[in-house]
Participant: 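A single structure is presented below for examination.
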Amino acid sequence: MLGMSKLCKSGDGKPATRMGGTRCQACYRYHQKHGTFERTGPRPPISIEVVLQNVEHAKSGCLVWKGMTDKDGRPLYYDGDRYAAGESPLVYVQRWMFEHYSDKPLSVGQTVTRNCENKLLCVHHEHAALWRHLGSGAFVNGNGDQDANDTIPSDRCANGHQFDDDNIPYVNPRTGARSCRRCTRDSKLRSRGIDPESVPYAPYRRGDTHCRSGHEYAMFGFKNRGEGRVCNECVRIKSAKGNLKKGYGLTFGDVARMLQDQDNACATCLYPFTEVDPDNFRMGDANVDHCHDRGHNRGLLCMDCNIALGKVKDNTDTLSRMIDYLKAQGMIHSINVGIGAENG
(Lines give C-alpha, C1' and ligand atoms only; values in the text may rest on other atoms or scores of the structure.)
Protein backbone atom coordinates (compact mmCIF):
# COMPACT_ATOMS: atom_id res chain seq x y z
CA MET A 1 0.00 0.00 0.00
CA LEU A 2 1.39 3.44 -0.92
CA GLY A 3 0.74 5.22 2.36
CA MET A 4 3.08 8.13 1.61
CA SER A 5 1.97 8.62 -1.98
CA LYS A 6 0.24 11.75 -3.22
CA LEU A 7 -3.04 9.87 -3.47
CA CYS A 8 -3.23 7.16 -0.84
CA LYS A 9 -4.70 3.86 -2.04
CA SER A 10 -6.50 1.45 0.25
CA GLY A 11 -6.19 -2.30 0.07
CA ASP A 12 -8.89 -2.61 -2.58
CA GLY A 13 -7.08 -0.11 -4.82
CA LYS A 14 -9.72 2.57 -4.45
CA PRO A 15 -8.26 6.10 -4.04
CA ALA A 16 -9.18 8.01 -0.90
CA THR A 17 -8.71 11.55 0.34
CA ARG A 18 -5.36 12.21 1.98
CA MET A 19 -5.36 13.06 5.71
CA GLY A 20 -2.63 14.96 7.56
CA GLY A 21 -0.22 14.80 4.63
CA THR A 22 0.50 11.10 5.14
CA ARG A 23 -2.22 8.47 4.98
CA CYS A 24 -5.89 8.54 4.10
CA GLN A 25 -8.77 8.42 6.54
CA ALA A 26 -9.64 4.85 5.57
CA CYS A 27 -6.09 3.77 6.43
CA TYR A 28 -6.27 5.38 9.87
CA ARG A 29 -9.58 3.64 10.58
CA TYR A 30 -8.04 0.34 9.51
CA HIS A 31 -5.00 0.94 11.75
CA GLN A 32 -7.22 1.80 14.71
CA LYS A 33 -9.12 -1.46 14.30
CA HIS A 34 -6.29 -3.85 13.34
CA GLY A 35 -3.14 -2.18 14.67
CA THR A 36 -1.38 -2.05 11.29
CA PHE A 37 -1.51 -0.13 8.03
CA GLU A 38 -0.73 -3.23 5.97
CA ARG A 39 -3.82 -4.73 4.43
CA THR A 40 -4.41 -8.26 3.34
CA GLY A 41 -6.12 -7.18 0.14
CA PRO A 42 -9.78 -7.31 -0.87
CA ARG A 43 -12.02 -9.80 0.89
CA PRO A 44 -12.67 -13.06 -0.94
CA PRO A 45 -16.10 -13.80 -2.38
CA ILE A 46 -18.53 -15.58 -0.14
CA SER A 47 -18.27 -19.36 -0.13
CA ILE A 48 -18.81 -22.30 2.18
CA GLU A 49 -15.15 -22.12 3.25
CA VAL A 50 -15.48 -18.43 4.10
CA VAL A 51 -18.66 -19.06 6.08
CA LEU A 52 -17.05 -21.88 8.09
CA GLN A 53 -14.14 -19.60 8.97
CA ASN A 54 -16.53 -17.12 10.54
CA VAL A 55 -18.74 -19.45 12.60
CA GLU A 56 -18.56 -21.22 15.92
CA HIS A 57 -19.96 -24.71 16.37
CA ALA A 58 -22.49 -24.81 19.19
CA LYS A 59 -23.51 -27.93 21.15
CA SER A 60 -26.99 -27.66 19.68
CA GLY A 61 -25.54 -28.11 16.20
CA CYS A 62 -25.96 -24.45 15.27
CA LEU A 63 -23.34 -22.62 13.25
CA VAL A 64 -23.22 -19.36 15.18
CA TRP A 65 -21.99 -16.45 13.09
CA LYS A 66 -19.07 -14.46 14.55
CA GLY A 67 -18.56 -11.98 11.75
CA MET A 68 -20.20 -8.72 10.77
CA THR A 69 -23.91 -8.14 11.36
CA ASP A 70 -26.41 -5.49 10.36
CA LYS A 71 -28.04 -3.13 12.83
CA ASP A 72 -30.61 -5.81 13.71
CA GLY A 73 -27.91 -8.39 14.44
CA ARG A 74 -28.40 -10.51 11.31
CA PRO A 75 -25.26 -12.16 9.83
CA LEU A 76 -23.76 -10.08 7.04
CA TYR A 77 -20.70 -10.54 4.80
CA TYR A 78 -18.81 -8.06 2.61
CA ASP A 79 -18.10 -9.66 -0.78
CA GLY A 80 -15.06 -8.07 -2.46
CA ASP A 81 -15.86 -9.50 -5.90
CA ARG A 82 -19.35 -8.01 -5.88
CA TYR A 83 -17.90 -4.64 -4.94
CA ALA A 84 -15.37 -4.82 -7.79
CA ALA A 85 -18.21 -5.66 -10.20
CA GLY A 86 -20.17 -2.59 -9.11
CA GLU A 87 -22.82 -4.64 -7.30
CA SER A 88 -23.96 -4.38 -3.69
CA PRO A 89 -21.20 -6.13 -1.68
CA LEU A 90 -23.34 -6.92 1.37
CA VAL A 91 -24.64 -10.49 1.49
CA TYR A 92 -27.07 -11.82 4.10
CA VAL A 93 -25.42 -15.10 5.09
CA GLN A 94 -28.54 -16.94 6.26
CA ARG A 95 -30.36 -16.32 3.01
CA TRP A 96 -27.23 -17.16 0.96
CA MET A 97 -26.77 -20.50 2.76
CA PHE A 98 -30.38 -21.47 2.20
CA GLU A 99 -30.19 -20.64 -1.50
CA HIS A 100 -26.81 -22.40 -1.88
CA TYR A 101 -28.06 -25.74 -0.56
CA SER A 102 -31.51 -25.55 -2.11
CA ASP A 103 -30.02 -24.81 -5.56
CA LYS A 104 -32.84 -22.36 -6.15
CA PRO A 105 -32.72 -18.62 -5.44
CA LEU A 106 -35.47 -17.18 -3.31
CA SER A 107 -37.86 -14.96 -5.19
CA VAL A 108 -39.14 -11.58 -4.11
CA GLY A 109 -41.38 -11.93 -1.07
CA GLN A 110 -40.05 -15.32 0.06
CA THR A 111 -38.98 -15.41 3.69
CA VAL A 112 -36.98 -17.96 5.69
CA THR A 113 -37.32 -18.73 9.38
CA ARG A 114 -35.24 -20.86 11.77
CA ASN A 115 -36.34 -23.46 14.29
CA CYS A 116 -33.27 -23.50 16.58
CA GLU A 117 -32.24 -21.73 19.78
CA ASN A 118 -29.86 -19.35 17.95
CA LYS A 119 -32.51 -17.98 15.63
CA LEU A 120 -30.76 -14.67 15.03
CA LEU A 121 -27.15 -15.78 14.41
CA CYS A 122 -27.40 -19.41 13.28
CA VAL A 123 -26.51 -19.85 9.59
CA HIS A 124 -26.93 -23.64 9.39
CA HIS A 125 -29.01 -24.46 6.32
CA GLU A 126 -30.60 -27.50 7.99
CA HIS A 127 -32.07 -25.26 10.69
CA ALA A 128 -33.74 -23.02 8.11
CA ALA A 129 -37.15 -23.51 6.59
CA LEU A 130 -39.15 -21.59 4.03
CA TRP A 131 -41.68 -19.81 6.19
CA ARG A 132 -44.03 -18.38 3.61
CA HIS A 133 -44.06 -17.03 0.09
CA LEU A 134 -45.52 -13.57 0.43
CA GLY A 135 -45.13 -12.89 -3.28
CA SER A 136 -46.85 -9.64 -4.12
CA GLY A 137 -48.48 -9.88 -0.70
CA ALA A 138 -45.46 -7.89 0.48
CA PHE A 139 -46.68 -5.10 -1.80
CA VAL A 140 -49.85 -3.11 -2.15
CA ASN A 141 -49.27 -2.56 -5.86
CA GLY A 142 -48.21 -5.78 -7.58
CA ASN A 143 -46.14 -5.72 -10.76
CA GLY A 144 -45.76 -7.99 -13.74
CA ASP A 145 -42.69 -9.79 -12.39
CA GLN A 146 -44.66 -11.33 -9.54
CA ASP A 147 -46.99 -14.27 -9.55
CA ALA A 148 -50.54 -13.27 -10.40
CA ASN A 149 -51.85 -15.78 -7.85
CA ASP A 150 -50.11 -13.93 -4.99
CA THR A 151 -52.07 -10.69 -5.15
CA ILE A 152 -53.76 -10.76 -1.73
CA PRO A 153 -51.69 -8.84 0.83
CA SER A 154 -50.75 -10.81 3.93
CA ASP A 155 -52.24 -9.76 7.26
CA ARG A 156 -48.83 -10.19 8.96
CA CYS A 157 -45.31 -8.94 8.36
CA ALA A 158 -42.33 -11.20 7.73
CA ASN A 159 -41.66 -11.33 11.50
CA GLY A 160 -45.23 -12.31 12.32
CA HIS A 161 -46.57 -8.97 13.57
CA GLN A 162 -50.27 -8.56 12.93
CA PHE A 163 -51.34 -5.71 10.65
CA ASP A 164 -54.27 -4.00 12.35
CA ASP A 165 -55.38 -0.59 13.63
CA ASP A 166 -52.52 -0.62 16.17
CA ASN A 167 -49.91 -1.54 13.56
CA ILE A 168 -50.83 0.13 10.29
CA PRO A 169 -48.01 -0.60 7.80
CA TYR A 170 -46.15 2.17 6.02
CA VAL A 171 -46.68 2.01 2.25
CA ASN A 172 -43.86 3.25 0.04
CA PRO A 173 -45.58 5.61 -2.42
CA ARG A 174 -43.08 4.76 -5.19
CA THR A 175 -42.79 0.97 -4.97
CA GLY A 176 -45.91 0.06 -3.01
CA ALA A 177 -43.84 -2.03 -0.58
CA ARG A 178 -45.24 -2.36 2.91
CA SER A 179 -43.11 -1.89 6.02
CA CYS A 180 -44.18 -3.08 9.46
CA ARG A 181 -44.24 -0.18 11.91
CA ARG A 182 -43.46 -2.45 14.85
CA CYS A 183 -40.44 -3.99 13.10
CA THR A 184 -39.10 -0.49 12.37
CA ARG A 185 -39.53 0.48 16.01
CA ASP A 186 -37.81 -2.73 17.22
CA SER A 187 -34.93 -2.16 14.79
CA LYS A 188 -34.32 1.37 16.08
CA LEU A 189 -34.29 0.14 19.69
CA ARG A 190 -31.82 -2.67 18.91
CA SER A 191 -29.50 -0.21 17.14
CA ARG A 192 -29.38 1.75 20.43
CA GLY A 193 -28.62 -1.39 22.45
CA ILE A 194 -32.13 -1.65 23.92
CA ASP A 195 -34.09 -4.89 24.05
CA PRO A 196 -37.41 -4.22 22.26
CA GLU A 197 -39.20 -6.62 24.59
CA SER A 198 -38.33 -4.35 27.55
CA VAL A 199 -40.18 -1.37 26.06
CA PRO A 200 -43.98 -1.56 25.71
CA TYR A 201 -45.22 -0.98 22.19
CA ALA A 202 -47.23 2.23 21.77
CA PRO A 203 -49.73 1.83 18.89
CA TYR A 204 -49.76 4.53 16.23
CA ARG A 205 -52.91 6.61 16.71
CA ARG A 206 -53.89 7.17 13.12
CA GLY A 207 -57.57 7.81 13.75
CA ASP A 208 -57.11 10.30 16.61
CA THR A 209 -58.33 13.89 16.38
CA HIS A 210 -55.27 15.21 18.27
CA CYS A 211 -51.55 14.61 17.84
CA ARG A 212 -49.34 13.24 20.63
CA SER A 213 -48.56 16.82 21.74
CA GLY A 214 -52.25 17.64 22.09
CA HIS A 215 -52.70 19.79 18.97
CA GLU A 216 -56.13 19.45 17.39
CA TYR A 217 -55.93 18.43 13.74
CA ALA A 218 -59.08 20.39 12.88
CA MET A 219 -57.44 23.62 14.14
CA PHE A 220 -53.82 23.25 12.99
CA GLY A 221 -54.19 20.83 10.09
CA PHE A 222 -52.10 17.80 9.18
CA LYS A 223 -50.40 16.07 6.29
CA ASN A 224 -51.14 12.47 5.36
CA ARG A 225 -47.79 10.90 4.47
CA GLY A 226 -48.84 7.32 3.92
CA GLU A 227 -47.86 6.05 7.36
CA GLY A 228 -50.34 8.36 9.06
CA ARG A 229 -51.02 11.94 10.03
CA VAL A 230 -48.25 14.45 10.67
CA CYS A 231 -49.29 17.48 12.70
CA ASN A 232 -48.55 20.82 10.98
CA GLU A 233 -48.10 22.61 14.31
CA CYS A 234 -45.55 20.05 15.54
CA VAL A 235 -43.60 20.46 12.30
CA ARG A 236 -43.65 24.26 12.70
CA ILE A 237 -42.46 24.14 16.33
CA LYS A 238 -39.69 21.70 15.52
CA SER A 239 -38.54 23.88 12.63
CA ALA A 240 -38.65 27.07 14.73
CA LYS A 241 -36.61 25.49 17.53
CA GLY A 242 -34.10 24.04 15.10
CA ASN A 243 -33.60 27.29 13.18
CA LEU A 244 -33.07 29.31 16.37
CA LYS A 245 -30.65 26.77 17.82
CA LYS A 246 -28.73 26.21 14.60
CA GLY A 247 -28.50 29.86 13.61
CA TYR A 248 -27.82 31.51 16.96
CA GLY A 249 -27.40 28.78 19.60
CA LEU A 250 -30.46 30.07 21.47
CA THR A 251 -33.64 28.60 22.85
CA PHE A 252 -37.01 30.31 23.18
CA GLY A 253 -36.31 30.55 26.91
CA ASP A 254 -33.28 32.70 26.05
CA VAL A 255 -35.46 34.85 23.79
CA ALA A 256 -37.96 35.37 26.64
CA ARG A 257 -35.16 36.60 28.94
CA MET A 258 -33.82 38.95 26.24
CA LEU A 259 -37.31 40.40 25.75
CA GLN A 260 -37.62 41.02 29.48
CA ASP A 261 -34.26 42.81 29.57
CA GLN A 262 -35.32 45.03 26.62
CA ASP A 263 -38.83 45.77 27.96
CA ASN A 264 -40.31 43.88 24.99
CA ALA A 265 -39.07 46.53 22.53
CA CYS A 266 -36.43 46.94 19.82
CA ALA A 267 -33.01 47.72 21.32
CA THR A 268 -32.38 50.66 18.94
CA CYS A 269 -35.66 52.32 17.90
CA LEU A 270 -37.49 51.26 21.09
CA TYR A 271 -40.56 50.31 19.03
CA PRO A 272 -42.47 47.63 20.99
CA PHE A 273 -42.73 44.12 19.59
CA THR A 274 -46.30 43.02 18.95
CA GLU A 275 -46.01 39.58 17.34
CA VAL A 276 -43.23 37.77 19.20
CA ASP A 277 -44.47 34.96 21.50
CA PRO A 278 -41.76 32.70 23.00
CA ASP A 279 -44.34 30.60 24.86
CA ASN A 280 -45.84 29.55 21.51
CA PHE A 281 -42.44 29.33 19.79
CA ARG A 282 -42.97 32.34 17.53
CA MET A 283 -40.32 34.98 16.84
CA GLY A 284 -42.82 37.24 15.06
CA ASP A 285 -41.40 40.70 14.43
CA ALA A 286 -38.31 40.19 16.64
CA ASN A 287 -34.98 39.44 14.98
CA VAL A 288 -31.80 38.21 16.67
CA ASP A 289 -28.96 40.63 15.99
CA HIS A 290 -25.52 38.99 16.01
CA CYS A 291 -21.99 40.01 15.16
CA HIS A 292 -20.82 38.45 11.91
CA ASP A 293 -17.15 38.85 12.87
CA ARG A 294 -17.20 37.43 16.41
CA GLY A 295 -20.37 35.38 16.10
CA HIS A 296 -21.95 36.43 19.41
CA ASN A 297 -25.55 37.57 19.83
CA ARG A 298 -26.11 41.23 20.71
CA GLY A 299 -29.85 41.63 21.21
CA LEU A 300 -33.27 41.71 19.59
CA LEU A 301 -34.09 44.24 16.87
CA CYS A 302 -37.03 44.96 14.64
CA MET A 303 -36.71 44.06 10.97
CA ASP A 304 -35.95 47.63 9.81
CA CYS A 305 -33.19 48.23 12.37
CA ASN A 306 -31.65 44.83 11.72
CA ILE A 307 -31.56 45.50 7.96
CA ALA A 308 -30.15 49.01 8.51
CA LEU A 309 -27.21 47.69 10.56
CA GLY A 310 -26.59 45.04 7.96
CA LYS A 311 -26.55 47.54 5.11
CA VAL A 312 -23.94 49.77 6.79
CA LYS A 313 -22.00 46.65 7.90
CA ASP A 314 -21.98 47.77 11.56
CA ASN A 315 -19.71 50.69 10.66
CA THR A 316 -20.08 53.42 13.32
CA ASP A 317 -18.32 55.99 11.12
CA THR A 318 -20.91 55.48 8.41
CA LEU A 319 -23.71 55.83 10.94
CA SER A 320 -22.19 59.10 12.27
CA ARG A 321 -21.95 60.53 8.77
CA MET A 322 -25.57 59.57 8.13
CA ILE A 323 -26.60 61.46 11.28
CA ASP A 324 -24.59 64.54 10.19
CA TYR A 325 -26.14 64.29 6.73
CA LEU A 326 -29.68 64.25 8.13
CA LYS A 327 -28.94 67.21 10.38
CA ALA A 328 -27.49 69.17 7.46
CA GLN A 329 -30.46 68.34 5.27
CA GLY A 330 -32.79 69.48 8.02
CA MET A 331 -31.03 72.86 8.24
CA ILE A 332 -31.07 73.39 4.45
CA HIS A 333 -34.74 72.49 4.40
CA SER A 334 -35.58 75.16 7.00
CA ILE A 335 -33.52 77.78 5.13
CA ASN A 336 -35.26 76.97 1.86
CA VAL A 337 -38.62 77.32 3.54
CA GLY A 338 -37.64 80.73 4.92
CA ILE A 339 -36.39 81.99 1.56
CA GLY A 340 -39.58 80.87 -0.12
CA ALA A 341 -41.65 82.71 2.43
CA GLU A 342 -39.71 85.96 1.88
CA ASN A 343 -40.06 85.74 -1.90
CA GLY A 344 -43.76 85.16 -1.52
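Remember, it's a predicted structure, so these values are computed and weren't measured experimentally.
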Participant: List the steps and the verdict of side-chain contact (heavy atoms from CB on, under 4.5 Å) for Asp289 and Leu300.
Facilitator: CA-CA 6 Å; Asp289 174 45; Leu300 297 176; over 6 Å; no
Participant: For Cys302 and Asn287, work out which heavy atoms get closest and say how close.
Facilitator: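 Minimum heavy-atom contact is C-ND2, 3.6 Å.
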Participant: For the atom pair CG (Leu63) and NE2 (His57), what is the distance rounded to the nearest 0.5 Å?
Facilitator: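 Result: 5.5 Å between the selected atoms.
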Participant: Without swapping roles, check the side chain of Ser198 against the backbone of Ile194 for a donor-acceptor pair under 3.5 Å.
Facilitator: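 No; zero donor-acceptor contacts below 3.5 Å.
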Participant: Quick one: does Ser187's side chain have a donor or acceptor within less than 3.5 Å of a partner on Cys183's backbone?
Facilitator: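 Side chain of Ser187 to backbone of Cys183: no pair is present.
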Participant: Could Arg185 and Tyr201 be counted as a cation-pi pair, given that NZ or CZ must be under 6.0 Å from the ring centre and within 45° of the axis?
Facilitator: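 No, a cation-pi geometry is absent between Arg185 and Tyr201.
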Participant: Go through the steps for His124 and Cys116 under the test side-chain contact (heavy atoms from CB on, under 4.5 Å), then give the verdict.
Facilitator: CA-CA 10 Å; His124 203 306; Cys116 58; over 6 Å; no
Participant: I want to check something: taking the side chain as every heavy atom from C-beta on, are Met283 and Phe252 in contact at a cut-off of under 4.5 Å?
Facilitator: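 Heavy-atom side-chain distance check passes, below 4.5 Å.
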Participant: Please check if Val91 and Tyr83 belong to a single hydrophobic cluster, counting links between Ile, Leu, Val, Met, Phe, Trp and Tyr side chain heavy atoms closer than 4.5 Å.
Facilitator: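 As far as the 4.5 Å side-chain criterion goes, Tyr83 and Val91 are not connected within one cluster.
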Participant: So which heavy atom on Ala58 is nearest to which on Val64, and how close?
Facilitator: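 That closest heavy-atom pairing would be CB-CG2, 4.0 Å.
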Participant: Checking Asp70 side chain against Pro75 main chain: does a donor-acceptor pair fall under 3.5 Å?
Facilitator: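 The answer is no, because no donor-acceptor pair under 3.5 Å joins these two groups.
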Participant: Within the distance-only criterion (no hydrogens, no angle test), does the side chain of Asn54 pair as donor or acceptor with the backbone N or O of Val50 below 3.5 angstrom?
Facilitator: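 Yes, the answer is positive, given that a donor and an acceptor are paired below the 3.5 Å cut-off.
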Participant: Quick one: do Thr251 and Leu244 satisfy side-chain contact (heavy atoms from CB on, under 4.5 Å)? Show the steps, please.
Facilitator: CA-CA 7 Å; Thr251 64; Leu244 191 62; 5.6 Å; no
Participant: Cation-pi between Lys241 and Phe281: NZ/CZ under 6.0 Å from ring centre and within 45° of the ring axis?
Facilitator: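 Yes, a cation-pi geometry holds between Lys241 and Phe281.
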Participant: Run the ring-centre check on Tyr248 versus His290 and record whether the distance is less than 6.0 Å.
Facilitator: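 Yes, they do, as the ring centres are separated by less than 6.0 Å.
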Participant: Are any of the side-chain heavy atoms of Asp285 and Met303 separated by less than 4.5 Å?
Facilitator: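 Not touching, per the 4.5 Å side-chain cut-off.
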Participant: Given 3.5 Å as the limit, does a donor-acceptor pair link the side chain of Arg282 with the main chain of Ala240, or not?
Facilitator: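 No; zero donor-acceptor contacts below 3.5 Å.
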Participant: How long is the straight-line distance from CG of Leu189 back to OG1 of Thr184, given to the nearest 0.5 Å?
Facilitator: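 Answer rounded to 0.5 Å: 11.0 Å.
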Participant: Would you say the side-chain atoms of Glu216 pair up with the backbone N or O of Met219, donor to acceptor, closer than 3.5 Å?
Facilitator: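 No, the answer is negative, given that no donor and acceptor are paired below the 3.5 Å cut-off.
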Participant: May I ask you to decide if Gly299's main-chain N or O and Asn297's side chain share a donor-acceptor pair within less than 3.5 Å?
Facilitator: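 Side chain of Asn297 to backbone of Gly299: no pair is present.
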Participant: Taking the side chain as everything from C-beta on, heavy atoms only, tell me whether Ile323 gets closer than 4.5 Å to Lys327.
Facilitator: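 The answer is yes, as the side chains (C-beta and beyond) meet within the 4.5 Å cut-off.
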Participant: Search all heavy atoms of Leu270 against all heavy atoms of Ala265 and return the closest pair with its distance.
Facilitator: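 Result for this residue pair: O-CB, 3.7 Å.
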Participant: Less than 4.5 Å apart, any side-chain heavy atom of Leu120 and any of Arg74?
Facilitator: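 Yes - at least one pair of side-chain heavy atoms lies under 4.5 Å apart.
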Participant: Can you name the nearest heavy-atom pair linking His127 to Cys122, along with the distance?
Facilitator: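 Closest approach of His127 to Cys122, heavy atoms only: ND1-SG, 3.4 Å.
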Participant: Under 4.0 Å between a side-chain nitrogen and a carboxylate oxygen: does that hold for Asp254 and Arg257?
Facilitator: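 Judged by the 4.0 Å cut-off on N to carboxylate O distance, Asp254 and Arg257 do form a salt bridge.
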Participant: Between Leu309 and Met258, is there a shared hydrophobic cluster once you connect ILVMFWY residues whose side-chain heavy atoms come closer than 4.5 Å?
Facilitator: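 Unlinked, Leu309 and Met258 end up in two clusters.
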Participant: Check whether any side-chain heavy atom of Arg190 lies under 4.5 Å from a side-chain heavy atom of Pro196, and answer yes or no.
Facilitator: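 Yes, their side chains come closer than 4.5 Å.
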Participant: Testing the basics here: between Pro45 and Tyr77, what is the closest heavy-atom pair and its distance to 0.1 Å?
Facilitator: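 Heavy atoms only, the tightest pair is C-CE2, 4.2 Å.
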Participant: If you take all heavy atoms of Asn280 and Arg236, which pair is closest and at what distance?
Facilitator: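 So the two residues come closest at O-NH2, 2.9 Å.
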Participant: Could you walk me through whether Val93 and Met68 pass the side-chain contact (heavy atoms from CB on, under 4.5 Å) check?
Facilitator: CA-CA 10 Å; Val93 183; Met68 180 175 63; over 6 Å; no
Participant: Within this structure, what is the CZ-SG distance for the pair Arg212 and Cys231, rounded to the nearest 0.5 Å?
Facilitator: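 Taking CZ in Arg212 and SG in Cys231, the distance rounds to 12.5 Å.
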Participant: Hey, does Val230 have a side-chain heavy atom less than 4.5 Å from the side chain of Phe222?
Facilitator: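 Sidechains of Val230 and Phe222: no contact.
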Participant: Are any non-hydrogen side-chain atoms of Tyr101 and Ile48 less than 4.5 angstrom apart?
Facilitator: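 Yes - at least one pair of side-chain heavy atoms lies under 4.5 Å apart.
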Participant: Nearest 0.5 Å, what's the CD1-CG distance between Ile46 and Leu90?
Facilitator: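 One gets 11.0 Å once the value is rounded to the nearest 0.5 Å.
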Participant: Could you check, using the six-membered ring where one of them is a Trp, whether His125 and Phe98 have ring centers closer than 6.0 angstrom?
Facilitator: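 They do not qualify: ring centres at least 6.0 Å apart.
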Participant: Tell me if a side-chain donor or acceptor on Gln94 pairs with a main-chain N or O of Arg114 at a distance below 3.5 Å.
Facilitator: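 No, because the side chain of Gln94 does not come within donor-acceptor range (under 3.5 Å) of the backbone of Arg114.
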Participant: With a 4.5 Å heavy-atom cut-off, do Asp314 and Arg298 have their side chains touching?
Facilitator: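 Heavy-atom side-chain distance check passes, below 4.5 Å.
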Participant: Would the distance check show the side chain of Asn118 and the main-chain N or O of Leu121 forming a donor-acceptor pair, the cut-off being under 3.5 Å?
Facilitator: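 No.
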Participant: How long is the span from the CD atom in Glu233 to the NZ atom in Lys238, to the nearest 0.5 Å?
Facilitator: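 The distance works out to 14.5 Å.
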Participant: Could you measure the distance from the CG atom of Leu301 to the SG atom of Cys269? Nearest 0.5 Å is fine.
Facilitator: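 Taking CG in Leu301 and SG in Cys269, the distance rounds to 8.0 Å.
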